[in-house]
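Naming convention: chains lettered A, B, ... in sequence-line order (proteins, then strands); numbering from 1 in each chain. Excluded from the calculations below are hydrogen atoms, water molecules and symmetry mates; all remaining heavy atoms, backbone and side chain alike, are included. Remember, predicted model here, so these are calculated numbers, not experimental data.
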Amino acid sequence: MQQTLINQEQEAFFKQRVLDYHAAWSPGCEQFDIAKAEHFYSQRPDLSAYDIMPTKEPIIGWENYKAELIQIMEGFAKFTLSLTQDDVRVFQYGNIICTTSDFRIQGTLKNGQPIEGMGRTSLVWELQADGNWLIVHEHSSTPINR
Amino acid sequence: MSQIKKNLTEDLTSLQTRINQYCAAWTTQAGEPDWSTIEQLYANEDLLHYDAVTPHSFANVAGMKEAFAQMKKGLRLTSLELKARKNLNVFRRGDIVWTTVLQDIIAKTEDGKELKFVQRQTGIWEERNNNWIIIHEHLSAPSSLQDQNN
């Protein structure tokens with residue numbers, strides 16, 4: 001089995017879903033609300049994730065990841081992610097979809113320190129029994145400038 | 001109900017072996033990885049792989065070779081060592097698996113410097129001809145978000 005060619009309609013659906021996901025993670029100057037993001041994720045204990053900040057071990061299970069994400073976002077006074085549909089790629093392998101996206105991060109920590117950088121996210125999406133696609137693996141990171 | 005199966009014994013065994021082969025192939029004392037093994041580890045089609053360092057992504061092994069040559073020259077690299085830790089997780093959905101594992105990296109340079117860091121690897125793998133092949137990879141190290149004033 002090799003990569004399944006995804007049709008235009010499916011590709012457009014996932015590109016929009018990834019843009020919506022990033023919008024949920026981009027509160028700007030408003031207070032971050034996890035409720036806007038959590039419906040993208042499987043709430044099951046087999047969710048796995050590496051988040052964008054420097055944790056080493058992967059986080060397993062939604063409840064653990066949710067706590068980590070809330071803590072990270074509480075550190076920001078401003079947090080914005082910028083990307084377009086052209087920055088999103090969609091691959092289908094068997095019963096899963098993998099999306100990748102490149103984006104710009106701009107923000108300010110609550111201590112006033114500005115941050116800026118390039119980010120990437122790989123997402124594995126699984127089709128649920130109710131027809132909804134949810135994230136079952138996430139890896140978000142920023143590359144080291146060498 | 002999710003159909004994901006986590007850490008099946010046979011998956012842990014076969015993927016740990018494959019990831020050890022991966023680390024051995026990227027490890028070099030002579031300045032060059034084992035490209036013939038690396039070519040067999042990745043799907044032979046244009047996909048997308050994120051590296052931990054810039055340039056941050058590749059479509060195929062040819063792109064990795066080009067970037068490695070530049071990195072070797074830029075850092076004046078003499079050796080590279082990768083070693084996978086024993087914290088492998090394997091998640092299976094049908095014929096596709098995704099893995100998470102940490103890898104310790106030691107890079108040595110001509111001027112005697114030793115760079116050490118921990119790499120986080122996500123691999124998405126597919127079994128082809130009884131071998132696990134990487135169809136997507138995301139490598140990262142601790143965040144490099146930069147202070148705008150730096």
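- When each of Thr121(A), Asp130(A), Leu134(A) is scored by its heavy-atom pairs under 4.5 Å with chain B, the top score falls to Thr121(A).
- Neither the backbone nor the side chain of Glu137(B) comes within contact range of chain A; no heavy atom of the residue lies under 4.5 Å from a heavy atom of that chain.
- Applying the 6.0 Å contact sphere to NZ of Lys78(A) captures no more than 12 heavy atoms from other residues, nucleotides or ligands.
- Residues Asn89(B) and Ser48(A) have side chains not in contact (no heavy-atom distance under 4.5 Å, counting atoms from C-beta outward).
- Around the CD atom of Glu110(B), the shell of radius 6.0 Å holds more than 12 heavy atoms that belong to other residues, nucleotides or ligands.
- Residues Ser122(A) and His136(B) bring a donor and an acceptor atom of their side chains to less than 3.5 Å of each other.
- The closest side-chain heavy-atom distance from Tyr50(B) to Ser141(A) is not below 4.5 Å.
- From Cys98(A), atom SG reaches atom CH2 of Trp98(B) across 10.0 Å, with rounding to the nearest 0.5 Å.
- Both Leu81(A) and Ile72(A) are members of a single hydrophobic cluster when ILVMFWY side chains are connected at heavy-atom separations under 4.5 Å.
- The number of heavy atoms from other shown groups lying within 6.0 Å of CD (Glu66(B)) does not exceed 12.
- Around the CD atom of Glu9(A), the shell of radius 6.0 Å holds no more than 12 heavy atoms that belong to other residues, nucleotides or ligands.
- There is no path of hydrophobic side-chain contacts, each under 4.5 Å, that joins Leu88(B) to Ile133(B).
- Counting all heavy atoms, side chain and backbone alike, Ile60(A) lies closest to Phe91(B) at CD1-CZ, 3.9 Å.
- Proximity to chain B involves both the backbone and the side chain of Arg120(A), based on heavy atoms less than 4.5 angstrom apart.
- The shortest non-hydrogen separation linking Glu126(A) to Arg93(B) is OE2-NE, 2.8 Å.
- Within 6.0 Å of CD in Glu114(B) there are more than 12 heavy atoms belonging to other residues, nucleotides or ligands.
- When the shell of 6.0 Å around NZ of Lys110(A) is examined, it contains more than 12 heavy atoms from other residues, nucleotides or ligands.
- Residues of residues 100-108 of chain B lying under 4.5 angstrom from chain A, judged on non-hydrogen atoms, are Thr100(B), Val101(B), Leu102(B) in numerical order.
- Most heavy-atom pairs under 4.5 Å with chain A, from the set Ile124(B), Leu48(B), Asn87(B), Leu139(B): that is Leu48(B).
- Crowding of Asn132(A) atom CG: a count of heavy atoms from other residues, nucleotides or ligands under 6.0 Å exceeding 12.
- Counting heavy-atom neighbours within 6.0 Å of Gln71(A) CD, excluding the residue itself, gives a total of 12 or less.
- For the atom pair CG (Leu127(A)) and CD (Gln3(B)), the distance works out to 9.0 Å, reported to the nearest 0.5 Å.
- The distance from atom CD1 of Ile4(B) to atom CG of Leu47(A), rounded to the nearest 0.5 Å, is 8.0 Å.
- Under the 4.5 Å side-chain heavy-atom criterion for Ile, Leu, Val, Met, Phe, Trp and Tyr, Ile96(B) and Leu8(B) are members of distinct hydrophobic clusters.
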